Amino acid sequence: MATESKSLETTKAAQTYISELSRHVGKEVVLKGWLYNLRSSGKIVFPQLRDGTGIVQGVALKNTVTPEVWEALQGLGQESSLIIRGTVRADERAPGGFEVDVVDAQVLQQVHDYPITPKEHGTEFLMDQRHLWLRSRRSHAVLKVRHTIVQAVRNFFDNDGFTLADAPILTPAACEGTTTLFEVDYFEGEKAYLTQSGQLYNEATAAAFGKAYCFGPTFRAEKSKTRRHLTEFWMVEPEMAYASLEDVMSLAERMLSNVAARVLADRAEELKVLERETSKLESIRIPFPRLHYDDAVKMLQEGHAAGALESRFEWGGDFGAPDESYISNRFNKPLMVHHYPASVKAFYMARDPERAELALGVDVLAPEGYGEVIGGGERATSLEFLKEQLALHKLPQEAFEWYLDLRRYGSVPHAGFGMGIERCTAWMCGIEHIRETIPFPRMLYRIRP
RNA sequence: UCCGCAGUAGCUCAAUGGUAGAGCAUUCGGCUGUUAACCGAAGGGUUGUAGGUUCGAGUCCUACCUGCGGAGCCA
């Protein structure tokens with residue numbers, strides 16, 4: 001239910017954004033946005049305007065505005081689009097510190113039935129209304145933090161000598177397992193899949209640029225229904241030629257501490273909206289604790305003996321969610337667990353020369369139960385070893401010939417990692433659900449809106 | 001795929017097996033400083049679907065549907 005406004009004359013006026021109001025105190029400005037909330041008290045109304053950069057309260061008195069303006073503001077519903085002309089005034093009573101004394105107002109569209117009210121709502125309902133929920137303070141704050149994380153990550157790599165060289169999204173074969181691929185039926189005589197990692201292509205670009213990274217969407221057809229999973233998520237993957245496991249761990253901790261510092265500096269307001277304890281982010285500083293898989297297993301077995309864990313963890317397995325939480329909760333910083341058994345890691349992982357059963361891999365486990373945010377390691381360099389591994393993992397060698405070429409022509413030690421942007425965002429924001437960290441989440445049982 | 005939980009007004013939730021209710025939202029009225037404003041009034045329901053038990057089912061039973069949480073797997 002909506003009524004169109006007839007005259008849009010004032011839309012031509014130069015717009016001031018709410019975030020810039022401090023520079024316009026005492027001056028007249030034109031604000032263009034949407035009604036966040038309206039309160040009225042007889043002969044005074046308080047329209048709260050939202051414009052994407054902030055929220056500000058306007059004040060209109062019946063005897064200081066024209067009858068037309070007064071009438072236009074009466075009974076205006078949430079998210080009505082409108083333009084306000086008024087004078088900026090510093091006011092301690094206002095949440096943002098400023099108010100606007102309304103001189104003129106132009107309603108572009110009156111709205112009366114906006115579905116998201118200022119009261120509580122369930123997640124299912126809000127997710128169905130995601131296209132509108134994005135306008136809320138909370139979504140706005142989370143996505144602003146995401147934006148800053150992406151920006152910080154890219155700046156970090158750009159300033160560290162990395163070249164952005166994106167990996168393809170349509171691929172002919174799996175990078176890791178074949179069970180979690182989305183199949184695309186388009187290329188003649190051949191099946192294609194949506195990428196589940198840019199990893200293998202990064203190894204090619206690292207050999208071309210020395211240090212390269214890709215940043216893009218990733219698809220996993222996992223039947224996972226947890227707060228840590230999306231079927232479509234964004235991943236940043238750096239890869240370095242002439243680099244070791246040690247180099248990758250150092251890169252990961254430098255990047256994460258850099259990102260945390262950026263979020264603290266640029267998104268203080270948003271962290272406040274999200275009621276995030278900033279001390280948790282302040283502790284994300286170099287160096288991060290490092291734990292050998294053997295020692296992690298010992299820690300888990302002691303945990304079981306002390307009654308903190310239900311089942312006794314045996315050497316050789318991969319950690320389950322409760323195991324991860326138990327270990328990472330013993331540290332107040334991100335924890336780097338390295339030297340996993342090769343059997344639980346991907347085929348391209350390099351082996352520990354001293355102990356062939358160990359892979360030179362590392363997982364970075366975020367504190368507070370956020371789990372694995374980074375996975376990476378050193379890659380195998382030997383052509384023969386990789387051929388064996390492909391066979392062992394029952395992967396078709398023809399599909400990987402181009403990859404094997406990287407070992408035929410100038411094979412060097414190299415290493416890299418992948419970080420899930422959404423998991424990182426959920427952690428920095430301190431929110432329960434990863435699905436709030438992406439504008440339009442795709443999950444098992446959710447492809448709309 | 002497996003285990004557990006839930007579906008009642010637009011939304012969030014109540015309702016011993018006995019007349020289906022409240023707050024918010026909406027509509028109307030009141031209020032010159034409201035902060036999820038407040039006060040008064042009105043409209044709003046095939047209780048997820050289909051069966052069953054019962055004099056009587058929102059409530060008990062069965063199946064299905066939808067969603068949520070977790071496991072496995074992963075970032």
Side-chain angles (χ1 to χ4, degrees), chain A residues 1 36-48 55-64 70 74-75 77-79 89 91-96 99 101 111-129 132-133 136-137 175-180 196-199 217-237 252 310-311 317-325 344-346 363-366 370-376 417-427 432-435 437-438 443-446:
Chain A
M1 203 171 86
Y36 190 73
N37 200 0
L38 182 77
R39 296 187 198 87
S40 69
S41 181
K43 304 206 166 47
I44 185 168
V45 290
F46 301 96
Q48 287 191 323
I55 296 171
V56 71
Q57 175 165 283
V59 184
L61 293 161
K62 189 174 185 181
N63 57 18
T64 61
W70 180 256
Q74 294 307 302
Q78 214 185 329
E79 292 302 321
R89 175 169 44 75
D91 193 315
E92 282 188 5
R93 290 169 292 188
E99 276 190 350
D101 289 318
V111 175
H112 287 294
D113 46 9
Y114 188 67
I116 304 176
T117 65
K119 287 280 176 180
E120 311 130 25
H121 300 282
T123 321
E124 188 194 344
F125 171 77
L126 289 170
M127 272 301 165
D128 285 339
Q129 310 291 331
L132 302 175
W133 189 26
S136 76
R137 257 193 165 107
C175 286
E176 315 196 356
T178 48
T179 52
T180 63
Q196 55 183 182
S197 165
Q199 157 67 36
T218 303
F219 307 86
R220 302 269 169 96
E222 290 161 356
K223 301 283 182 209
S224 301
K225 294 200 301 182
T226 79
R227 68 185 79 168
R228 299 184 309 280
H229 286 87
L230 294 171
T231 52
E232 179 183 317
F233 64 98
W234 286 67
M235 189 153 68
V236 61
E237 296 173 275
E310 253 179 60
S311 54
D318 204 355
F319 304 133
D323 306 317
E324 263 184 23
S325 297
V344 301
K345 291 289 171 188
D363 282 354
V364 180
L365 307 180
Y370 282 97
E372 187 183 343
V373 289
I374 286 179
F417 67 75
M419 179 175 81
I421 292 297
E422 290 78 13
R423 282 191 184 175
C424 181
T425 305
W427 168 34
E432 280 285 300
H433 291 275
I434 195 175
R435 63 184 160 202
T437 63
I438 186 165
M443 300 176 288
L444 189 63
Y445 307 133
R446 173 157 311 268

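Every heavy atom of this structure was used, including side-chain atoms; hydrogens, water molecules and symmetry mates were not. In this text the structure is predicted, and so the values were computed from the model without any measurement.
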Rounded distance (Å) that lies between atom [atom2] of [N] and atom [atom1] of [X]:
X	N	atom1	atom2	result
A:F319	B:rC74	CZ	P	13 Å
A:D318	B:rC74	CG	C1'	9 Å
A:F233	B:rA75	CZ	C1'	5 Å
A:I434	B:rG70	CD1	C1'	16 Å
A:H112	B:rA25	NE2	P	15 Å
A:I116	B:rU26	CD1	P	14 Å
A:N37	B:rA36	CG	P	9 Å
A:Q199	B:rC74	CD	P	15 Å

[N] to [M] separation - [atom1] atoms, rounded to the nearest Å:
N	M	atom1	value
B:rG17	B:rC61	C1'	14 Å
B:rG48	B:rG10	P	13 Å
B:rG40	B:rA22	P	13 Å

Problem - Shortest non-hydrogen separation from A:L132 to A:Y114 and the atoms involved - result: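 Looking at all heavy atoms of both residues, the closest pair is O-OH, 3.1 Å.
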State the pairing partner of [N]; accept Watson-Crick or G-U wobble contacts with both distances under 3.5 Å, and report none otherwise.
N	value
B:rA15	none
B:rG40	B:rC28
B:rC2	B:rG70
B:rC60	B:rG52

What's the closest nucleotide to the side chain of [X] if the choices are [options]?
X	options	result
A:T117	B:rC74, B:rG33, B:rA25	B:rA25
A:A321	B:rA71, B:rG70, B:rG33	B:rA71
A:H121	B:rG33, B:rA71, B:rC11	B:rC11
A:E324	B:rA75, B:rC74, B:rA71	B:rC74

Problem - Sugar-phosphate only, base, or nothing, as touched by A:L230 at under 4.0 Å among non-hydrogen atoms - result: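 Base, at least one base heavy atom under 4.0 Å.
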Sort me out a list of protein N/O and nucleotides 28-32 of chain B N/O pairs below 3.5 Å, or just none if empty.
{"residue": "B:rC31", "atom": "O2", "partner": "A:S41", "partner atom": "OG", "Å": "3.4"}
{"residue": "B:rC31", "atom": "N3", "partner": "A:G42", "partner atom": "N", "Å": "3.3"}
{"residue": "B:rU32", "atom": "OP2", "partner": "A:K43", "partner atom": "N", "Å": "3.3"}
{"residue": "B:rU32", "atom": "O4", "partner": "A:N63", "partner atom": "ND2", "Å": "2.8"}

Within the sub-3.5 Å range, which N or O atoms of nucleotides 64-68 of chain B have a protein N or O partner, and how far apart are they?
{"residue": "B:rG67", "atom": "OP1", "partner": "A:Y445", "partner atom": "O", "Å": "3.4"}
{"residue": "B:rG67", "atom": "O2'", "partner": "A:E124", "partner atom": "OE1", "Å": "3.2"}
{"residue": "B:rC68", "atom": "N4", "partner": "A:K225", "partner atom": "NZ", "Å": "3.2"}

Practice task
Report the residue (A:F125 or A:Q78) whose heavy-atom-nearest nucleotide on RNA chain B is the more 5′ of the two.
Solution key: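 Its nearest nucleotide lies further toward 5', so the answer is A:F125.
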Exercise for the section: Please name all residues satisfying side-chain hydrogen bond (donor to acceptor under 3.5 Å, both in side chains) with A:E99, sequence neighbours left out, ordered by chain then number. Expected result: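 If we apply the side-chain hydrogen bond (donor to acceptor under 3.5 Å, both in side chains) test to A:E99, skipping adjacent residues, the hits are A:Q57, A:R89.
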Practice task
Decide, applying a 5.5 Å centre-distance limit and a 30° plane-angle limit (both strict), whether A:F46 stacks on B:rG33.
Solution key: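 Stacking between A:F46 and B:rG33: absent.
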Problem - Side-chain N or O of A:R228 closer than 4.0 Å to phosphate OP1/OP2 of B:rG72 - result: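 It does not, given that no N or O in the side chain of A:R228 lies less than 4.0 Å from OP1 or OP2 of B:rG72.
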Exercise for the section: Give, for atom OG1 of A:T218 and atom CD of A:E237, the distance between the pair rounded to the nearest 0.5 Å. Expected result: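 It comes to 6.0 Å.
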